[in-house]
Participant: 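Questions regarding the structure given below will be posed in turn.
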Amino acid sequence: MTNIQSVPLEDMLADKAAKVNDFQIMIATVNGSGSQTANTVLLRAMFRMGIPVSGKNIFPSNIQGLPTWFTIRLSKDGYIARREEYHILVAMNQQTLAEDITNLAPGGACYYPEEWAIKQDRDDIVYYPMPVKALTDASGAPPNLASYISNMVYVGVLATMLNIDLKQIEAALDYHFSGKQKPIQMNMQVVNAAYEWAQDNLAKRDPYSVEPMNLTEGMLLMDGNSAAALGAVFGGVSFVAWYPITPSTSLIDALREDLQKYRTDPETGEATFAVIQAEDEIGAIGMVVGAGWAGARAMTATSGPGISLMTEFAGLAYYAEVPAVIWDVQRMGPSTGLPTRTSQGDLLAVYLLGHGDTHHVVLLPGGINEAFEFGWRAFDLAERLQTPVFVLSDLDLGMNLWMSEPFEYPDQPMDRGKVLNAEEIEAAGGFARYADVDGDGIGYRTLPGIEHPLGAYFARGTGHNERAIYSERPEDWVKNMARLRRKWETARTLVPAPVVDSVSGAGIGLIAYGTTDACVVEARDRLRAQGVETSYLRIRALPLNNTTREFIERHDRVYVVENNTDGQMASILHMEYPDLAARIHSLAYSDGLPLSPRWLTGAVLEMEGR
């Protein structure tokens, strides 16, 4: 093993300002090598130390063998957006080693297996060798687990060099392995060995370290797909049909696990739910629409290519007015695109999904707390409005770990909407399924099995009158479409309202949605530091309500920030408010990664001519 003599701490950092809890770690590995356990253990350990953290996994769309990068950002100020530069490199992939070292920030530190013969040709970074093979061999781990265990070497070395609490690493391993002592002890043995080796052999020559804080007490660390699944359980989901597709599969995996835990009859042991893997996305949405018509709270989860296949059934549900919930965990398109990269490229497609004059309700969660909330609220909206409700998450939110305050229990009983029973049918002398009785565009419905001869109707995707009778009469068509437009106007009053932070005197407004929120929050602070004040409106749902119009009217220039190429939300705003179009400017960028505050700050300053 390499032996590097220690030197006093004050000599190590004499010419470098200490950087505590404010840097980024990049861990470069090979897909399928088991590094995810080590990476999430590091992330969770520092989170447990009270340090605000965020982790992002950049992985290939194959199963094994290609490069994977995992970033851990520490921010004493609580920022969680993607940071472009990294300061600590853990190089565990020879294929990308040269490029990874090239991109390491000046003053950074590179950790690498000592058995690699690497050229240390940068004099502005520090190189730290690690005895990965020697410590792995000494662990006595079975050959089939050696590559997994080897990742714990860099966990132990970083624990020494960054001052990460070993007790919190062990607690993170306990969480990961659900208290199973054998894997916990096997991994912790290697962590301890690496920790002690680094103490004896590595001299600290970089300024980066961590210290305990108290900024995460009581908070959660969870991925968005798991939060969405838990929200759906709270929303009373009883039927799920799906077809596997990255990055939505783990949402259904988490949902199935939650349902098995919480929705099994304690007396009979029988499930009170159904989760069915369909033959494709067409079959999945068809089952969901059928279950929704029958009165179940039904949902599916997919991504862009699956949305394309669901188009015809989504149009049927819209026009026949059947409730359904569809989660779209967005990835890069068009076509197959980049299956394991993130974007907000499905917005327009989902908003107008289907031929003819079709508009869908779309929810846009900005974090895992809203992924949970919209997980249950989507069902209430779908049944109240009798329509498909789409929830647009993305890979960044769905598959990465995020901090959040504890979720809030639903603040209202389940809203089943306008459902008539036999007594109500009898009292009314019947009903007209598509009649606008209340002036809100929403008709009354019955559920199959109602015990009244006048309660039945035919759910039609063809032209129909208000009694659900087939009709090609122009006046029936026009009347029905006018009613659907009134329902759309009602939806404006029911969907989650935007979140607004108005700054008095600011001439610039920023509009964003979804996971771009983290980028905007940090970029606004950067802009303020340069003398540029901004107001901010985060859209949480479509259709838009009047709050958005008023926000645009109050500002000279409004920049719409989104992670796609075409500026899709900006296009919707132009369509919605043509009289205000001159004030609305698109700041859209998409390269498969989450937007960074550095990019947004520069883009706004450039637009402002500064």
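Please read these numbers as outputs of a predicted model, since none were measured by experiment.
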Participant: Quick one: OG1 on Thr300 to CH2 on Trp242, what's the gap to the nearest 0.5 Å?
Facilitator: 9.5 Å

Participant: Assess whether a salt bridge exists between Asp517 and Arg540, defined as any Lys/Arg side-chain N lying under 4.0 Å from an Asp/Glu carboxylate O.
Facilitator: no

Participant: Hey, what do you get for CG (Leu135) to CE (Met152), rounding to the nearest 0.5 Å?
Facilitator: 13.5 Å

Participant: Using the rule side chain to side chain donor-acceptor pair (under 3.5 Å), only one of Thr342, Asp396, Thr71 pairs with Lys56; which is it?
Facilitator: Asp396

Participant: Does Gln344 use its side chain to pair, donor to acceptor, with the backbone of Tyr513 at less than 3.5 Å?
Facilitator: yes

Participant: Answer yes or no: are there more than 12 heavy-atom neighbours, outside Tyr175 itself, under 6.0 Å from its atom OH?
Facilitator: no

Participant: Heavy atoms only: give me the nearest Thr37-Thr40 pair and the separation to one decimal.
Facilitator: O-OG1, 3.2 Å

Participant: Minimum heavy-atom separation for Ala194 and Val153, please, with both atom names.
Facilitator: CB-O, 3.3 Å

Participant: Under the 3.5 angstrom rule, does the side chain of Asn225 hit a backbone N or O of Met399 as a donor-acceptor pair?
Facilitator: no

Participant: Kindly indicate, with the supporting measurements, whether the criterion side-chain contact (heavy atoms from CB on, under 4.5 Å) is fulfilled by Arg205 and Tyr128.
Facilitator: CA-CA 9 Å; Arg205 293 178 290 139; Tyr128 295 120; 3.7 Å; yes

Participant: Kindly check if the number of other-residue, nucleotide or ligand heavy atoms within 6.0 Å of CD (Gln120) is above 12?
Facilitator: yes

Participant: Using a distance-only test with no angle check, is there a side-chain donor-acceptor pair under 3.5 angstrom linking Trp69 and Asn93?
Facilitator: no

Participant: Which of these passes side-chain contact (heavy atoms from CB on, under 4.5 Å) with Asp165: Met46, Arg48, Glu170, Met49?
Facilitator: Met49

Participant: Starting from the C-alpha separation in whole Å, work towards a yes-or-no answer on side-chain contact (heavy atoms from CB on, under 4.5 Å) for Val391 and Met299.
Facilitator: CA-CA 11 Å; Val391 189; Met299 66 169 283; over 6 Å; no

Participant: Return the minimal non-hydrogen interatomic distance between Val233 and Arg263, and the atom names on each side.
Facilitator: O-NH1, 3.7 Å

Participant: Would you confirm whether His87, through its side chain, and Gln24, through its main-chain N or O, come within 3.5 Å as a donor-acceptor pair?
Facilitator: yes

Participant: Any side-chain heavy atom of Pro496 within less than 4.5 Å of one from Arg377?
Facilitator: yes

Participant: To the nearest 0.5 angstrom, please state how far the CG atom of Leu251 sits from the OG1 atom of Thr302.
Facilitator: 11.0 Å

Participant: Would you check if Arg331 and Ile245 make a side-chain contact, meaning some heavy-atom pair closer than 4.5 Å?
Facilitator: yes

Participant: Tell me whether Arg526 is salt-bridged to Glu522, with the criterion being a basic N under 4.0 Å from an acidic carboxylate O.
Facilitator: yes

Participant: How far does CD of Glu84 sit from CZ of Arg598, to the nearest 0.5 angstrom?
Facilitator: 5.0 Å

Participant: Counting N and O atoms only, with roles assigned by atom type, does the side chain of Tyr86 sit under 3.5 Å from a partner on the main chain of Asp100, one being a donor and the other an acceptor?
Facilitator: yes

Participant: Whether the side chain of Thr216 engages the backbone of Met219 through a donor-acceptor N/O pair (distance < 3.5 Å, no angle test) should be reported.
Facilitator: no

Participant: Determine whether Val90 and Leu158 make a side-chain contact, defined as any pair of heavy atoms from C-beta on separated by less than 4.5 Å.
Facilitator: yes

Participant: Any donor-acceptor pair under 3.5 Å linking the side chain of Glu217 with the backbone of Gly50?
Facilitator: no

Participant: Once you round to the nearest 0.5 Å, how far does CD1 of Ile326 lie from CG of Leu392?
Facilitator: 10.5 Å

Participant: May I ask you to test the Asn563-Gln330 pair for a side-chain heavy-atom distance under 4.5 Å?
Facilitator: no

Participant: Write down the atom of Arg341, the atom of Leu395, and the distance for their closest heavy-atom approach.
Facilitator: N-CD1, 3.9 Å

Participant: Taking side chain as C-beta onward, heavy atoms only, is Ile51 less than 4.5 Å from Val210?
Facilitator: yes

Participant: Ion pair present between Asp206 and Lys204, side-chain N to carboxylate O less than 4.0 angstrom?
Facilitator: yes

Participant: Tell me whether Ser209 contacts the main-chain N or O of Val20 through its side chain, where contact means a donor paired with an acceptor under 3.5 Å.
Facilitator: no

Participant: Would Ile25 and Leu42 satisfy side-chain contact (heavy atoms from CB on, under 4.5 Å), going step by step from the backbone distance to the final call?
Facilitator: CA-CA 10 Å; Ile25 304 168; Leu42 282 168; 5.9 Å; no

Participant: For residues Gly78 and Pro52, report the shortest heavy-atom separation together with the two atoms involved.
Facilitator: CA-CB, 3.8 Å

Participant: Please step through side-chain contact (heavy atoms from CB on, under 4.5 Å) for the pair Val240 and Phe273, ending with a clear verdict.
Facilitator: CA-CA 8 Å; Val240 182; Phe273 63 91; over 6 Å; no

Participant: Do the non-hydrogen side-chain atoms of Ser343 and Asn564 ever get within less than 4.5 Å of each other?
Facilitator: no

Participant: Ignoring hydrogens and angles, tell me if any N or O in the side chain of Arg122 forms a donor-acceptor pair with the backbone of Leu104 under 3.5 Å.
Facilitator: yes

Participant: Indicate yes or no for a side-chain donor-acceptor contact from Glu562 to the backbone of Met569 under 3.5 Å, with no hydrogens or angles considered.
Facilitator: yes

Participant: Please report the shortest heavy-atom distance between Asn151 and Ala38, naming the atom on each side.
Facilitator: CB-CB, 3.7 Å

Participant: Do the ring planes of Phe234 and Phe372 sit parallel (below 30°), tilted (30 to 60°) or perpendicular (above 60°)?
Facilitator: perpendicular

Participant: Out of curiosity, Asp174 CG to Arg44 CZ, how far, rounded to the nearest 0.5 Å?
Facilitator: 11.0 Å

Participant: Report the residues that fulfil side-chain contact (heavy atoms from CB on, under 4.5 Å) with Arg528, sequence neighbours left out, ordered by chain and then residue number.
Facilitator: Arg524, Asp525, Glu533

Participant: Does Phe177 reach the side chain of Met186, with side-chain heavy atoms less than 4.5 Å apart?
Facilitator: no

Participant: Does Gly179 offer a backbone N or O that forms a donor-acceptor pair with the side chain of Gln181 under 3.5 Å?
Facilitator: yes

Participant: Mind checking whether Phe407 and Ile368 have side chains closer than 4.5 Å, heavy atoms only?
Facilitator: yes

Participant: Is there a donor-acceptor contact under 3.5 Å linking the side chains of Tyr154 and Asn39?
Facilitator: yes

